[in-house]
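Each chain gets a letter, A, B and so on, in the order the sequences are listed, and its residues count up from 1.
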Amino acid sequence: MLHIVACIKQVPDTKIIKMNPKTNTMDRASAPAILNPYDAHAVEEAVRLKKRYGGTVSVLTMGPPPAVKAIKKCIEIGADEGYMISDRAFAGADTLATSYALTKAIEKISQIQPVDLIICGKMTIDGDTGQVGPGIARRLDMPPLTSVNKVKEINIEEGYAVVHRKLEDGYEVIQSTMPCLMSVEKEINDVPYSSMTNMLKAARYQPVIWAVADLEDVERTQLGLKGSPTIVSKVWAPTKPSGGEMLEGDAVQQTEKLLNLLLEKKELFAVKGGSGVEL
Amino acid sequence: MSFEDYSGIWVFIEVKDGEIVPVSLELLGAGKELADKRGTELAGVLIGENVTHLADTLYEYGADTVYVYDDTIFKNYRTESYMKALLECCQKHKPEVILYGATSTGKDLASAVATDLPTGLTADSTILDIEKDTGLLLASRPAFGGNIMATILCKKYRPQMATVRPKVMKALTPEPGRRGQLIEETASIKEEDIRTKVLEIVQFTTQKVRIDEADIVVAGGKGLGSEKGFQVVHDLAETLGAAVGASRDVVEAGWVEHHHQVGQTGLTVTPKIYFAIGISGAIQHIVGMQNSGLIIAINNDPEAPIFQSSHYGIVGDAFEIVPLLIQQFKQVFNGEVVDHV
């Protein structure tokens with residue numbers, strides 16, 4: 001029986017987020033808090049593996065109290081248990097400090113039930129780094145398998161997993177001993193609509209919430225802002241381009257203008273008769 | 001930790017199918033600027049099997065020193081073996097900065113190395129600078145889905161590390177015959193200690209033109225309405241011998257596969273010509289294509305932000321405009337306009 005821990009995060013929906021043009025800061029209130037989309041795929045994959053091989057799916061998050069909502073979303077997807085670490089001491093953590101805190105929580109979860117597999121989303125849409133997953137793997141001394149877009153096989157008896165790992169121009173098939181950590185790409189699965197049963201379960205569900213004091217062997221200097229080697233020194237809005245020339249006229253005139261402009265730019269668009277485009 | 005012990009700018013040299021991956025040469029270009037500013041040397045760390053001869057190319061692209069780990073154990077990239085080699089190299093020679101390409105390999109390796117050292121790691125940087133006197137690396141990157149730019153510092157740890165997106169930095173013009181120092185290293189790794197095996201490597205052959213290497217990219221967005229509507233993008237791309245790009249929405253809708261996605265969570269592209277058809281121009285998309293040579297936007301909404309980021313804009317119905325363009329290009333290619341070179 002597999003015990004899979006999926007690490008998740010509640011994030012602002014960066015597609016919708018608005019910027020304050022005066023201060024160059026984000027108006028977080030303008031964006032709804034959602035389950036990080038990559039993490040939804042991580043939880044879905046964990047649930048699929050549970051269906052294939054039997055077992056339990058636990059989800060783990062670090063965040064402020066409202067992040068309970070993200071755990072409930074995971075219960076809707078089909079996770080069995082939810083754990084949250086929530087404490088002011090975690091605030092301001094970069095990826096290194098985050099992976100440390102999550103590792104301490106996973107160590108505690110594994111005392112309840114040993115962990116065979118950890119699954120994370122490829123990255124979060126607010127941090128965009130993809131570093132927390134591999135960080136947890138290294139701290140727990142597990143092989144990190146990043147960019148996984150297919151779990152081909154899990155062999156519980158012999159203790160190994162075979163996955164497809166996405167590359168720029170294809171993929172590689174990797175066999176790894178278990179326990180291991182996978183961070184998964186979106187294309188690994190589709191997250192279907194939740195069942196009514198899971199939705200009802202999620203509505204009633206209350207996760208286990210731990211503060212720093214509930215975790216063991218924690219070095220407080222490795223947490224939060226203190227434990228973060230990176231700091232953000234400056235934030236600014238990307239320069240807004242001023243826009244170029246609009247081509248006027250009807251469709252035929254517009255396209256002819258464009259074509260002539262391209263042909264004039266010889267260095268950009270050199271056309272040789274009949275041989276197609278050569279640049 | 002005494003910072004005085006740490007010096008030199010390093011670039012992790014990624015090798016694929018026996019060749020240096022372009023981003024590594026781009027990073028030598030960026031690293032050279034940092035090294036010159038600090039008055040220190042630029043080094044490449046070359047790991048692989050039968051790779052030592054590649055050092056000559058690295059010198060020509062700016063490396064003063066090349067640390068090489070050439071062994072069958074490094075035949076395929078594996079986190080544990082490469083990480084061990086790089087960690088040992090770091091502990092021995094103490095660099096001030098290490099740069100990695102933000103590729104699947106570079107990101108995987110950098111994340112592991114950063115945790116074990118430990119040190120700070122800035123992901124997907126697009127701008128690099130260094131303080132001349134302190135050696136503090138100023139790595140800037142788009143954050144929050146590209147909504148803001150942030151400069152990240154690592155003040156308390158060395159080495160400072162960053163992954164850098166391909167196609168953002170420029171490689172130097174190679175200087176033929178430029179030489180450097182080769183330092184051959186061996187890592188204390190045994191095959192039995194490595195817990196992963198690469199069983200197979202599968203390369204896509206269906207992808208005609210790689211979007212991040214193409215000279216022309218024709219990209220389409222959700223404005224085209226449907227997978228069927230998106231066909232105009234394929235048609236124009238075929239006429240021009242271009243690669244097909246897409247916005248995130250289009251990929252999420254499943255009209256094309258993820259390797260066509262341009263933008264923050266997709267690929268950065270720098271073609272000579274970029275067509276944005278039916279793409280509204282969310283900032284996440286813009287950060288992936290803004291360094292294209294010439295950007296042409298076609299959209300029926302005159303208020304679409306994409307027009308702010310384009311050199312030429314056409315307000316109109318893509319289903320009318322694009323077929324006309326295809327027809328006109330075909331006429332040009334059939335010899336009616338010849339030899340503009």
[X], part contacting chain A, at a heavy-atom distance under 4.5 Å:
| X | result |
| --- | --- |
| B/Ile283 | side chain |
| B/Ile296 | side chain |
| B/Glu252 | side chain |
| B/Phe307 | both |
| B/Ala114 | backbone |
| B/Ile127 | side chain |
| B/Thr103 | both |
| B/Glu200 | both |
| B/Lys107 | side chain |
| B/Val315 | both |

Sort out for me which of [options] touches chain B most, counting heavy-atom pairs under 4.5 Å.
| options | answer |
| --- | --- |
| A/Pro143, A/Pro229, A/Gly244 | A/Pro229 |
| A/Glu248, A/Lys234, A/Lys186 | A/Lys234 |
| A/Ile174, A/Val232, A/Ile231 | A/Ile231 |
| A/Ala161, A/Ala251, A/Pro134 | A/Ala251 |
| A/Lys257, A/His164, A/Met142 | A/Met142 |

Polar side-chain atom of A/Asp190 near backbone of A/Pro192 as donor-acceptor pair, under 3.5 Å | no

If only atom types and distance count, is the side chain of B/Gln160 paired as donor or acceptor with the main-chain N or O of B/Leu137 below 3.5 Å?
-> yes

Contact origin within [X] toward chain B - heavy atom pairs under 4.5 Å:
| X | value |
| --- | --- |
| A/Met123 | side chain |
| A/Asp126 | both |
| A/Leu261 | side chain |
| A/Leu258 | side chain |
| A/Ser147 | side chain |
| A/Leu167 | both |
| A/Pro12 | side chain |
| A/Val11 | neither |

Is the shortest heavy-atom distance from the side chain of B/Leu153 to the side chain of A/Thr230 under 4.5 Å?
-> no

Evaluate the side-chain proximity of A/Pro179 to A/Val115: yes if any heavy-atom separation is below 4.5 Å, no if none is.
-> no

Do you know the tightest heavy-atom contact between [X] and [Y]?
| X | Y | value |
| --- | --- | --- |
| A/Ser99 | A/Val132 | CB-O, 3.8 Å |
| A/Asp39 | A/Lys9 | OD2-N, 2.8 Å |
| B/Thr268 | B/Pro166 | CB-O, 4.0 Å |
| A/Leu223 | A/Ala97 | C-CB, 4.3 Å |

Trace of the side-chain hydrogen bond (donor to acceptor under 3.5 Å, both in side chains) decision for A/Glu172 with B/Tyr77 = CA-CA 10 Å; A/Glu172 56 185 6; B/Tyr77 171 76; over 6 Å; no

With sequence neighbours excluded, tell me which residues meet side-chain contact (heavy atoms from CB on, under 4.5 Å) with A/Asn189.
-> A/His41, A/Glu44, A/Glu45, A/Arg48, A/Val191

Candidate pair A/Arg165 and A/Thr146, rule side-chain hydrogen bond (donor to acceptor under 3.5 Å, both in side chains), full reasoning | CA-CA 7 Å; A/Arg165 183 170 175 268; A/Thr146 55; 3.3 Å; yes

Leading residue by heavy atom contact count with chain A [cutoff under 4.5 Å; candidates [options]]:
| options | value |
| --- | --- |
| B/Cys154, B/Ala139, B/Ala110, B/Pro302 | B/Cys154 |
| B/Thr196, B/Thr163, B/Val202 | B/Val202 |
| B/Gly120, B/Gly313, B/Ser111, B/Ala112 | B/Gly313 |
| B/Asp317, B/Asp116, B/Asp124, B/Thr122 | B/Asp116 |
| B/Gln327, B/Arg248, B/Glu257, B/Glu320 | B/Arg248 |
| B/Arg141, B/Lys16, B/His258, B/Lys156 | B/Arg141 |

To the nearest 0.5 Å, how far apart are CG in B/Leu136 and CZ in B/Arg158?
-> 6.0 Å

Lys/Arg-Asp/Glu bridge criterion (N-O < 4.0 Å) met for B/Arg78, B/Asp108 | no

SB check B/Glu80 B/Lys84 (cutoff 4.0 Å) = no

Which residues share a side chain to side chain donor-acceptor pair (under 3.5 Å) with A/Glu187, sequence neighbours left out = A/Lys166

Result for side chain to side chain donor-acceptor pair (under 3.5 Å) between A/Gln131 and one of A/Asp94, A/Thr98, A/Thr95 points to A/Thr95

Decide yes or no on salt bridge (Lys or Arg N to Asp or Glu O under 4.0 Å) for A/Asp141 and B/Arg195, but give the supporting numbers first.
-> CA-CA 11 Å; A/Asp141 193 25; B/Arg195 293 169 291 183; 3.0 Å; yes

